[in-house]
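Reading through the structure tokens given below for one structure.
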Amino acid sequence: MPHLPDAVLWSIPAFVLLTAIEMVSYRLRPDEDAAGYGAKDAATSVTMGVGSVFFDLLWKIPIVAIYTALYELTPLRVPVLWWTLPLMLLAQDFLYYWSHRGHHVVRVLWACHVVHHSSEKFNLTTALRQPWTSLTVWPFYVPLVLCGVHPAAVAFLSGVNLVYQFWVHTERVGKLPRPVEYVFNTASHHRVHHASQGGYLDRNFGGILIVWDRMFGSFVAETERPVYGLTKNIHTYNPLRVATHEYAAIGRDLAAAADWRERAGLLFRGPGWQPEHRRAAHAADGAARTGPDPFATRTADDAPPAASPPAASAPPVAEPAPPVAEPGRPVAEPGRRVKRAA
């Protein structure tokens, strides 16, 4: 069994130091346009990070058992050497890309990952806002184990990937030189990933390298300033709610589903997916609570009050034509990301 260090544990002093430097930088050189820090938000992020360490210890028990069984079954072996580690890290980063992408496009996986996107701030403490239900991640790394990578090496590689991504959670670093931005995941690329604008949603999934996004069509460069969080934010600092709100929403939707086909869609389709009759019901409910849809064509009953009668000598003033109807907007439940048009 290879003796490899715990990359995350060894990096904790650097995490603390860099976070303190970033906080001080906002004091000395404030940026009104940046999301910056909020005391309650930062405390929630740190709490989620500490909690994830505890829960990850529990999930490791079944995961290590599965990985060990698969490792014993495969005849392949990859030695842990100075020249094999970079190759294994490249393979791990490739699988991380697909794990990360899968956790954005499959709702039951998104229920785990949504925790990391639930903050409306974007700073180094956001990197610590980790889920407590990461049991959904392990299947994506089975190919590494089947290729002969020892489970301890898989854990080390995952730690290195996580440590790299700490520094990209900041607004204090602008765009880096072009070759770096082209190959590596940077703060600029990751700001896009955490944004809630339609054109930025579900983009830039890379961990260490951004080339996977360029290869598989999920890359978007940072242009406009991102707005962070979810398309419908949850507005809570309660760690338990942050960790479980999407699971609760899934449970409510499953209980109201008409059949097993709908239940399968609610679990395995995108986070914003709803059956047609549910979308219609949401639209009707929204109209009842907020009044006429401002994006729908106005009827005679919705017409503005008539202007005062003009003077007798003046010609009658023609009423303006009613506005042209525009398409409706998708409905989002709290805590869900719904794809919008760019």
What's the spacing between [X] [atom1] and [Y] [atom2] if we round to 0.5 Å?
X      : Y      : atom1 : atom2 : result
Ser118 : Asn233 : OG    : CG    : 8.5 Å
Asn185 : Asp213 : CG    : CG    : 8.0 Å
Glu171 : Ser188 : CD    : OG    : 11.0 Å
Trp167 : Ser11  : CH2   : OG    : 15.0 Å
Thr44  : Tyr237 : OG1   : OH    : 7.0 Å
Leu162 : Leu128 : CG    : CG    : 9.0 Å

So [Y] and [X], do their side chains get closer than 4.5 Å, heavy atoms only?
X      : Y      : answer
Val137 : Leu109 : no
Thr186 : His189 : yes
Leu230 : Lys232 : no
Arg101 : Ser218 : yes
Thr84  : Leu81  : yes
Val80  : Leu85  : yes

Report yes or no: do [X] and [Y] belong to one cluster of Ile/Leu/Val/Met/Phe/Trp/Tyr joined by side chain heavy-atom distances under 4.5 Å?
X      : Y      : value
Ile210 : Val180 : no
Met48  : Val168 : yes
Leu89  : Phe205 : yes
Val46  : Ile234 : no
Leu201 : Tyr228 : no

Residue pairs fulfilling ring-ring contact (aromatic ring centres under 6.0 Å, His included) with at least one residue in residues 246-267, sequence neighbours excluded:
none
Got a sec, which pairs hit ring-ring contact (aromatic ring centres under 6.0 Å, His included) with one end in residues 42-80, sequence neighbours left out?
Phe55-Trp132, Tyr71-His150
Please determine whether side-chain hydrogen bond (donor to acceptor under 3.5 Å, both in side chains) holds for the pair Gln92 and Tyr97, giving the CA-CA distance in whole Å, both sets of side-chain angles, and the decisive distance to 0.1 Å.
CA-CA 9 Å; Gln92 189 275 341; Tyr97 169 86; over 6 Å; no
[X] side chain to [Y] backbone, donor-acceptor under 3.5 Å:
X      : Y      : value
Asp202 : Val105 : no
Thr68  : Val64  : yes
Arg203 : Gly217 : yes
Gln197 : Arg225 : yes
Glu181 : Leu176 : yes
Lys121 : Gly36  : no

Can you list the steps and then say if Ile250 with Leu266 is a side chain to side chain contact (heavy atoms under 4.5 Å, CB included)?
CA-CA 7 Å; Ile250 290 175; Leu266 290 166; 5.8 Å; no
With sequence neighbours excluded, give me every salt bridge (charged side-chain N to carboxylate O under 4.0 Å, His left out) pair touching residues 35-49.
Asp41-Arg129
Does the separation of the ring centres of [X] and [Y] fall below 6.0 angstrom?
X      : Y      : answer
Phe216 : Trp98  : yes
Phe94  : Trp212 : yes
His103 : Trp110 : no

Applying side-chain contact (heavy atoms from CB on, under 4.5 Å) to Arg172 and not counting sequence neighbours gives Glu22, Ser25, Tyr26, Arg29, Asp31, Thr170
Considering residues at least two apart in sequence or located in another chain, which fulfil the salt bridge (Lys or Arg N to Asp or Glu O under 4.0 Å) criterion with Glu222?
Arg191
Non-hydrogen atoms of [X] and [Y] that approach each other most closely:
X      : Y      : value
Leu135 : Pro139 : O-CD, 4.4 Å
Glu262 : Ala258 : OE1-N, 2.9 Å
Tyr37  : Leu124 : OH-N, 3.7 Å
Phe166 : Ala127 : CD1-CB, 3.7 Å
Ala152 : Leu4   : O-CD1, 4.1 Å
Val78  : Met88  : CG1-SD, 3.8 Å

Check against side-chain hydrogen bond (donor to acceptor under 3.5 Å, both in side chains), Asp93 and Asn161
CA-CA 7 Å; Asp93 194 55; Asn161 200 312; 3.0 Å; yes
Side chain to side chain contact (heavy atoms under 4.5 Å, CB included) between Leu209 and Leu90: does it pass, once the steps are laid out?
CA-CA 9 Å; Leu209 301 178; Leu90 182 68; 3.6 Å; yes
Where do Ile208 and Phe184 land on the side chain to side chain contact (heavy atoms under 4.5 Å, CB included) test, with the steps shown first?
CA-CA 6 Å; Ile208 297 176; Phe184 292 97; 4.2 Å; yes
Indicate whether any N or O donor in one side chain lies under 3.5 Å from an N or O acceptor in the other, for [X] and [Y].
X      : Y      : answer
Gln165 : Tyr96  : yes
Tyr200 : Thr223 : yes
Thr236 : Asn238 : no
Asp253 : Gln274 : yes

Fit a plane to each ring of His104 and His117, take the angle between them on a 0 to 90° scale, and name the class: parallel (under 30°), tilted (30 to 60°) or perpendicular (over 60°).
perpendicular
Crowding at CZ, Arg27 (>12 non-hydrogen neighbours, <6.0 Å)
no
Val211 and Phe219: side chain to side chain contact (heavy atoms under 4.5 Å, CB included), yes or no, with the steps?
CA-CA 9 Å; Val211 291; Phe219 174 76; over 6 Å; no
Not counting sequence neighbours, which residues clear ring pair (Phe, Tyr, Trp, His ring centres under 6.0 Å) with His190? List them please.
His169, His193, His194
